[in-house]
A.B. asks: 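Sharing a structure below in structure tokens format, with a few things to ask.
All of these numbers come straight from a predicted model, not from anything done at the bench. Each chain gets a letter, A, B and so on, in the order its sequence line appears, and its residues count up from 1.
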Amino acid sequence: MTQDYLSVLNPEQLEAVTHTGSPLLILAGAGSGKTRVITTKIAYLIDEQNIEPWKILAVTFTKKAATEMRERAEKLCERAVKSQIKTFHSFGAWLLRLYGNFAGIDSNFTVYDDDDMVSLLVKAAPQLSKQQASIVAHKIALAKDYCLTPENPDLRIIDSDAEFAELYGLYENRLRETGNVDFGDLIMLPVLMMEKNPDLRNYIQNQFKVIMVDEYQDSNVAQFRFLKNLVGENTYLCVVGDDDQSIYKFRGADINNILDFQKEFNNTKIIRLVKNYRSTSQILKCADDVVKNNKSRLGKTLEAVRGEGKKPVLAFVPSGDDEATFCGELVSQSNKKGVPYSDWAVLYRTNAQSLNFEKVFNQRKIPYVIVGSLKFFEREEIKDLICFCKFIANPMDELAFERIINKPARGIGKVSVEKIINFAKESKKSSLIETDGILEACFQMKGLSKKTQEGVSFFGNLIKDLKEILISNEGKKTEIETLADFSLDFETILQQQENQLKEFSENSAEENTLSKLIETIIKKSGLAEYYASIDETTGTQKVLNMQELCSVARDFPNNMEGLSRFLDQLELDRSLETENSSDDENKNAVTLITLHNTKGLEFPKVVISGMEYGIFPRREKTPDELEEERRLFYVGITRAKDHLYLTSSKLRVLYGRLEAMEVSPFLGEINPENLDVLGNQPPSYKRFFSKGNSSENGENLDHPLAKRWKKGAFVYHDDYGTGQIINCSITEDEEYCIGVQFETGEKKKFLPKYQQNHLTLVVE
DNA sequence: TCACAGTGACTTTTT
DNA sequence: GTCACTGTGA
């Protein structure tokens, strides 16, 4: 019996779906039906190859991609619901919760994010300033992406300085003391524990018959080793990637994983998918114009399957505000013609750029969603609540403890906090305190002032009470937690976990969800009053935000198990979409999103904003980095199905200062015949296509400001110091523009008209 | 111990 | 321009 879903595939796709046996590498161009191939393959394996669904593992990089993949696979084959479709990190976390004891990790760990890493590092090495610490923390994260422990001599790839290895070691010790893990550990620790314990590795290998990896071009060394360990002799491995879309080198992604795949896995079959079903050929022409400038690529040209379509539009706008207004206008006008808001996506290089769009869209009542903005979880009040939760889950979490012990103020100072933590650590070493770490120390600590003592007791009792409620809701203890042998297979474990969820959804009818816990924390800790008074004086919405977290918590059972799931979800899926204003229509909204986050997504109408040098691409140092930026642009362009707009602003407010911007060199790579250009073309754009008739000498410029700001004159700028004017020009908007070389070596462009407060002429 | 005010650094990109 | 950190005075 042939399945219907096979009949819609082209020959290459069909070959990819039905291929079995040797490892398979699918080189899938943008829009070539990659997700369709993977999801169909899952369905095919289950329906036609009789693979048990739970023996299939499919890993992606983002939660969003995993969710989409699961939904699409389920539509093709109901039983696919039982297959494991997860992100690399969530799969790592899942393994670590089950078998963390092999890596010396207690199962009640929580995941530390980048900020926590920095704080912990400062504690481990107090001589570091926060700034230094964040550089080191970044390197530690990178080291873990390469699966390098502090002892590993190869650590010099990251930083050859012995001091770095030492700091990394100090950090690791401190982290292990807290019983927590960081993001890198979610991959590295499972790798290390499998490599150290062949029995464990064999056992895990036997759990999967099929492993598939999406966006393989962005996998890093640690993830590669993870994969190597998961794939056994009888595991069928299939990876999908596109070298032109590799955009995570900064995070350790190694393009060699895809280039060397054949070497690492014998008899690899390679299938190429180059038919693009997504974008019109006009859009693909631009994409190709851009990406062909990259030297290090396997090289391919997408074949357009759809029609010509409309030429992409390049719009030059005067300012960042105008850019947002332009987009708002595009969206509103099309909406009047019946185009839903959700057809639109506005893409930008940095998160900070979303602000202008938010402002304008709010004014115009255009609904939008921001994808991937961490803002909600970075809010003070939310972090406080999460730290309460973290401390309840893991009483050795000193960072969480520090944050909340004196919030709101209970008369407990830094010194006392330090004392308690140290007391807890000492006691733990001499095993006076067995399980409840710092919490227990709160009760046993002696020698604090009366006021402090009272505060500490209050806090300790609060946590203890909350914890007891959770434990009393635990129900029957699951067998999973005590699992140290390999008697259960993943099917059974997954089944048990599913049963727990079922049990919960029956319980949750009585509203016994984790939101109760959060509510109690808010009320009893005093945070409610504390933030209510702040809200009153500063007009913020902190209390409301805390309520928001309650509703997120509603999906989890009100017990310890639910708590750790809740925390996992928060840490592993920060992308929780934050919606604005009128909640209901959440499905019909413009998407505001960073270019990086668009990987794997598509939209009928796409705007790529901020096409200016310094923003996109950023001022890059190496040709390699520039190529990565170019790939990012390529990814952005190929998200568009029908219409593509590129916007480039002449002025932009950066660091609270108005700066004259130069056009992005990427725009010069697109054949002008492939674009419709709106607005005045800046000289820096024309220059890309003209052959050496530059007129930026500034000698005879006819402008009122030309007499004052002459080439060769010396200037002083508030922020950059002294410098000399090296060229002058006039923009289309008749603004007088000067280029200044500063003593610091920096070169900057200014419009003197807007710099009256910062820039002065130095009279010689 | 805490609240406030002044100063300086800051923008990549993500799990 | 904004946020986080630091130092001072209560």
Side-chain angles (χ1 to χ4, degrees), chain A residues 59-66 86-93 111-115 117-119 122 129-132 134 138 141-142 144-145 181-188 215 218-220 222-223 226 246-253 320 347-356 371-375 377-380 406-417 449 451-452 455 533-534 537 568-575 593-599 610 614-621 625 628-629 631-633 635-636 652-659 719 757-758:
Chain A
V59 277
T60 64
F61 280 81
T62 64
K63 187 93 176 180
K64 211 178 164 90
K86 289 193 151 99
T87 65
F88 260 116
H89 287 86
S90 67
F91 180 63
V111 182
Y112 273 171
D113 65 18
D114 293 2
D115 281 347
M117 281 183 81
V118 175
S119 314
V122 170
S129 71
K130 198 135 200 206
Q131 224 181 336
Q132 292 168 315
S134 84
H138 185 251
L142 200 60
K144 292 190 175 185
D145 285 340
V181 300
D182 58 27
F183 271 111
D185 285 336
L186 294 177
I187 310 293
M188 185 172 84
E215 308 284 4
D218 284 324
S219 62
N220 59 36
Q223 285 160 334
F226 196 19
S246 161
I247 54 175
Y248 282 104
K249 204 171 172 207
F250 70 93
R251 218 182 77 195
L347 280 46
Y348 37 77
R349 179 67 230 277
T350 64
N351 282 305
Q353 285 166 261
S354 71
L355 266 161
N356 275 334
V371 176
S373 158
L374 313 175
K375 271 184 231 153
F377 297 104
E378 279 176 358
R379 294 195 164 124
E380 186 191 4
N406 198 32
K407 199 153 192 181
R410 303 186 180 90
I412 307 157
K414 214 176 162 192
V415 183
S416 312
V417 173
S449 75
K451 191 176 153 211
T452 306
S533 78
I534 288 180
T537 50
D568 268 6
Q569 145 124 16
L570 293 189
E571 291 301 332
L572 298 176
D573 183 19
R574 293 297 193 78
S575 67
I593 189 168
T594 62
L595 283 147
H596 279 88
N597 257 321
T598 59
K599 199 168 68 161
I615 302 251
F616 190 29
R618 273 196 90 65
R619 243 167 269 283
E620 298 304 325
K621 299 127 226 150
E625 285 170 323
E628 176 140 317
E629 294 274 309
R631 288 192 292 271
L632 188 58
F633 188 31
V635 167
R652 193 170 286 277
V653 181
L654 292 172
Y655 301 94
R657 244 196 334 266
L658 200 64
E659 302 253 12
D719 300 303
N757 298 327
H758 301 293

A.B. asks: Identify which nucleotide among B:dT15, B:dT14, B:dT12 has an atom closest to any side-chain atom of A:E629, counting heavy atoms from C-beta outward.
C.D. replies: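 Of the options given, the side chain of A:E629 lies nearest B:dT12.
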A.B. asks: Take atom CD of A:E659 and atom C1' of C:dG1, then tell me their distance rounded to the nearest Å.
C.D. replies: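 Rounded to whole Å, this separation is 13 Å.
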A.B. asks: Whether the side chain of A:Y348 engages the backbone of A:L595 through a donor-acceptor N/O pair (distance < 3.5 Å, no angle test) should be reported.
C.D. replies: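 It does not hold such a pair.
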A.B. asks: Nearest to the side chain of A:Y655, which nucleotide is it out of B:dT15, B:dT14, C:dG1?
C.D. replies: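 Minimum distance to the A:Y655 side chain belongs to C:dG1.
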A.B. asks: Between atom NE2 in A:H138 and atom P in B:dT11, what is the gap in whole Å?
C.D. replies: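 My rounded result for the distance is 12 Å.
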A.B. asks: Can you find a side chain N or O atom of A:N220 that sits less than 4.0 Å from OP1 or OP2 on B:dT15?
C.D. replies: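 It does not, given that no N or O in the side chain of A:N220 lies less than 4.0 Å from OP1 or OP2 of B:dT15.
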A.B. asks: What is the distance, rounded to the nearest whole Å, between atom CZ of A:R652 and atom P of B:dT11?
C.D. replies: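 To the nearest whole Å, that distance equals 18 Å.
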A.B. asks: Please check if the side chain of A:S119 supplies one atom and the backbone of A:D115 the other of a donor-acceptor pair under 3.5 Å.
C.D. replies: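 Between the backbone of A:D115 and the side chain of A:S119 there is a qualifying donor-acceptor contact (under 3.5 Å).
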A.B. asks: So, do A:H596 and A:L632 sit near enough that their side-chain heavy atoms are less than 4.5 Å apart?
C.D. replies: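 Result yes, sub-4.5 Å side-chain heavy-atom pair found.
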A.B. asks: How many whole angstroms separate atom CD of A:E571 from atom P of B:dT15?
C.D. replies: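 To the nearest whole Å, that distance equals 12 Å.
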A.B. asks: Quick one: pull up NE2 in A:H89 and CZ in A:F226 and give me the separation to the nearest 0.5 Å.
C.D. replies: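 So the gap between those two atoms works out to 9.5 Å.
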A.B. asks: If I take atom CG in residue A:D182 and atom P in nucleotide B:dT14, what distance separates them, rounded to the nearest angstrom?
C.D. replies: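 Taking atom P of B:dT14 as the reference, CG of A:D182 is at 18 Å.
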A.B. asks: Has the side chain of A:Q223 got a donor or acceptor atom that lies under 3.5 Å from a matching backbone atom of A:F88?
C.D. replies: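 Here the side-chain-to-backbone pair does not exist.
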A.B. asks: In Å, rounded to the nearest 0.5 Å, how long is the span from CG of A:D145 to OH of A:Y248?
C.D. replies: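 Answer rounded to 0.5 Å: 12.5 Å.
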A.B. asks: Provide, to the nearest angstrom, the distance between the CD atom belonging to A:E628 and the C1' atom belonging to B:dT14.
C.D. replies: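 Atom CD in A:E628 sits about 12 Å away from atom C1' in B:dT14.
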A.B. asks: For A:L355 and B:dT11, what is the distance between atoms CG and C1' respectively, to the nearest whole Å?
C.D. replies: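 For the pair A:L355 CG and B:dT11 C1', the rounded distance is 12 Å.
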A.B. asks: Enter the distance from A:F250:CZ to A:E625:CD here, rounded to the nearest 0.5 Å.
C.D. replies: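 Answer for the CZ-CD pair, A:F250 versus A:E625, is 11.0 Å.
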A.B. asks: What N/O pairs connect the protein and nucleotides 3-10 of chain C at under 3.5 Å? Give each pair on its own line.
C.D. replies:
unit_1	atom_1	unit_2	atom_2	d
C:dC5	OP1	A:K130	NZ	2.6

A.B. asks: Would you call A:F250 stacked on B:dT13, i.e. ring centres under 5.5 Å apart with the planes less than 30° off parallel?
C.D. replies: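 Here the ring of A:F250 and the base of B:dT13 are stacked, with centres under 5.5 Å and planes under 30°.
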A.B. asks: Over all strands shown, is A:T62 touching base, sugar-phosphate only, or nothing at heavy-atom distances under 4.0 angstrom?
C.D. replies: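 If one applies the 4.0 Å heavy-atom cut-off, A:T62 turns out to touch the sugar-phosphate alone, with no base involved.
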A.B. asks: Between C:dT6 and B:dT11, how far is it from one C1' atom to the other, in whole Å?
C.D. replies: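 Taking atom C1' in both C:dT6 and B:dT11, they lie 23 Å apart.
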A.B. asks: If you find the nucleotide of DNA chain B closest to A:R657 and the one closest to A:I247, which residue's nucleotide is nearer the 5' end?
C.D. replies: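 Mapping each residue to its closest nucleotide by heavy atoms, the 5'-most match is A:R657.
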A.B. asks: For a 4.5 angstrom cut-off between non-hydrogen side-chain atoms, does A:D185 reach A:K144?
C.D. replies: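 Side-chain contact under 4.5 Å: yes.
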A.B. asks: Reckon A:S416 has a side-chain N or O less than 4.0 Å from the OP1 or OP2 of B:dT1?
C.D. replies: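 For B:dT1, OP1/OP2 do have a side-chain N/O of A:S416 under 4.0 Å.
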A.B. asks: Among B:dC10, B:dT13, B:dT14, which is the nearest nucleotide to the side chain of A:D114?
C.D. replies: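 Looking only at heavy atoms from C-beta outward on A:D114, the closest nucleotide is B:dT14.
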A.B. asks: Remember a base hit wins even if backbone is also touched, and classify A:F88 as base, sugar-phosphate or nothing at under 4.0 Å, heavy atoms.
C.D. replies: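 Contact class for A:F88: none.
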A.B. asks: Could you check how far NE2 of A:H89 sits from C1' of B:dT15, rounded to whole Å?
C.D. replies: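 One finds 4 Å between C1' of B:dT15 and NE2 of A:H89, rounded.
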A.B. asks: Taking only residues two or more places apart in sequence, or in another chain, which ones meet A:S90 in a side-chain contact (heavy atoms from CB on, under 4.5 Å)?
C.D. replies: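 So A:S90 forms a side-chain contact (heavy atoms from CB on, under 4.5 Å) with A:K86, A:T87, A:L572.
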A.B. asks: Any side-chain N or O of A:R618 under 4.0 Å from OP1/OP2 of B:dT12?
C.D. replies: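 For A:R618, the contact criterion (side-chain N or O under 4.0 Å from OP1 or OP2 of B:dT12) is met.
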A.B. asks: Would you say the side-chain atoms of A:D218 pair up with the backbone N or O of A:I247, donor to acceptor, closer than 3.5 Å?
C.D. replies: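 Looks like yes, one N/O pair under 3.5 Å.
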A.B. asks: Using only side-chain N and O atoms of A:N351, determine if any of them is under 4.0 Å from OP1 or OP2 of B:dT11.
C.D. replies: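 For B:dT11, OP1/OP2 do not have a side-chain N/O of A:N351 under 4.0 Å.
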A.B. asks: With the criterion being N/O to N/O and under 3.5 Å, what pairs connect the protein with nucleotides 2-6 of chain B, and how long is each?
C.D. replies:
unit_1	atom_1	unit_2	atom_2	d
B:dC2	OP1	A:N406	ND2	3.4
B:dC2	OP2	A:N406	ND2	3.2

A.B. asks: Between B:dT12, B:dT13, B:dT15, spot the one nearest the side chain of A:T594, thanks.
C.D. replies: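 From the listed options, B:dT13 comes nearest.
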A.B. asks: To the nearest 0.5 angstrom, please state how far the CD1 atom of A:I615 sits from the CZ atom of A:R618.
C.D. replies: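 It comes to 7.5 Å.
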